[in-house]
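Heads up: the structure comes next, in structure tokens.
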Amino acid sequence: MSRIKGDAQPLRVVELFAGVGVFRHGLNQVRHAAAKQPEDGSDDPAFEVVWANQWEPSKKAQHAANVYSAQWGAKDLVNQDIFAVLKDPTHQARLLELAPDMLVGGFPCQDYSVAKPLGKSEGLEGKKGVLWWAIQQLLELHAQAGQPVKYVMLENVDRLINTPTACRGRDFAIILASLQSLGYAVEWRVVN
């Protein structure tokens with residue numbers, strides 16, 4: 001007998017700064033309760049990761065991308081600089097074709113992390129802090145095509161809220177303003 005599917009379709013997810021796939025692992029644990037319980041007792045996935053990007057600049061060995069590929073397969077993983085990907089018409093067309101409902105990403109935290117003294121934290125202007133703008137570019141790409149991404153879930157360290165030292169909170173305010181300008185209502189939590 002064939003499995004009876006629930007009415008809810010999984011949200012299509014684009015994963016940026018995927019690392020080894022921790023977001024994907026978490027999302028894969030979430031299930032819709034099926035409208036009619038199938039005979040095998042399973043239920044429907046709430047999320048489907050349809051595309052992911054992981055790239056470590058200045059590294060020949062792409063360890064995180066290799067782990068991601070081993071765990072989830074390489075089919076939907078793009079192991080290239082995200083800014084180059086977002087400029088490429090072929091990649092743009094593919095991202096639009098996928099029509100994601102959700103974007104998730106843990107954009108690199110080195111420029112916000114307590115690993116550096118606060119005075120040396122470069123925030124949005126740092127080598128990896130600038131990767132926030134890739135998130136904004138991808139959201140703008142979809143909005144301009146008339147298919148805005150419905151949900152965005154981001155993760156970073158709590159110091160993001162306080163950088164840079166000279167103007168505490170400026171970086172987070174810029175991120176919030178960017179999201180608001182794209183039509184998003186924003187909520188955040190600091191998790192211990």
For this session: Would you sort out whether Asn162 and Asp171 count as a side chain to side chain contact (heavy atoms under 4.5 Å, CB included), showing the intermediate values?
Result: CA-CA 8 Å; Asn162 295 317; Asp171 291 350; over 6 Å; no

Counting only pairs under 3.5 Å, give me each side-chain donor-acceptor contact of residues 74-81, with atom names and distances, residues two or more places apart or in other chains.
| unit_1 | atom_1 | unit_2 | atom_2 | d |
| --- | --- | --- | --- | --- |
| Asn79 | ND2 | Gln54 | O | 2.5 |
| Asn79 | ND2 | Gln62 | OE1 | 3.2 |
| Asp81 | OD1 | Phe83 | N | 2.7 |

Looking at side-chain heavy atoms only, is the closest gap between [X] and [Y] below 4.5 Å?
X      : Y      : value
Tyr184 : Val149 : yes
Phe17  : Ile135 : yes
Phe107 : Glu155 : no
Asn156 : Trp132 : no
Phe47  : Arg12  : no
Gln180 : Val186 : no
Leu139 : Leu179 : yes
Arg189 : Asp158 : no

Problem set entry | Of Gln147, Lys150, Gln9, the residue whose pairing with Asp101 passes side-chain hydrogen bond (donor to acceptor under 3.5 Å, both in side chains) | Lys150

For the residue pair [X] and [Y], what are the closest heavy atoms and their distance?
X      : Y      : answer
Ala134 : Ile82  : CB-CG2, 3.6 Å
Ser178 : Trp133 : OG-CZ3, 3.8 Å
Gly105 : Phe23  : C-CE1, 3.5 Å

Taking [Y] as the starting point, is it possible to reach [X] by hopping between hydrophobic residues whose side chains are less than 4.5 Å apart?
X      : Y      : answer
Val13  : Tyr68  : yes
Leu131 : Ile175 : yes
Trp72  : Val22  : no
Met153 : Val30  : yes
Leu154 : Leu141 : yes

Exercise. With sequence neighbours left out, what residues match Arg170 under salt bridge (Lys or Arg N to Asp or Glu O under 4.0 Å)?
Worked result: Glu125

I'd like to know if the side chain of [X] reaches the main chain of [Y], judged simply by a donor and an acceptor atom lying under 3.5 Å from each other, with no hydrogens or angles considered.
X     : Y     : result
Ser69 : Asn66 : no
Gln29 : His25 : yes
Glu15 : Trp51 : no

Problem set entry | side chain to side chain contact (heavy atoms under 4.5 Å, CB included) assessment of Glu48 paired with Leu11 | CA-CA 6 Å; Glu48 175 189 7; Leu11 291 177; over 6 Å; no

For this session: Evaluate the side chain to side chain contact (heavy atoms under 4.5 Å, CB included) criterion for residues Leu27 and Val104: first the C-alpha distance (whole Å), next the side-chain angles of each, then the deciding distance (0.1 Å), finally the verdict.
Result: CA-CA 10 Å; Leu27 293 173; Val104 299; 4.2 Å; yes

Problem set entry | For Phe172, ring-ring contact (aromatic ring centres under 6.0 Å, His included) partners two or more places apart |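 Residues passing ring-ring contact (aromatic ring centres under 6.0 Å, His included) with Phe172: Trp188.
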
Problem set entry | Spatial distance of atom CD (Gln92) from atom CD (Glu97) [nearest 0.5 Å] | 13.5 Å

For this session: Measure the CD-CG distance between Gln136 and Leu103 for me, rounded to the nearest 0.5 Å.
Result: 12.0 Å

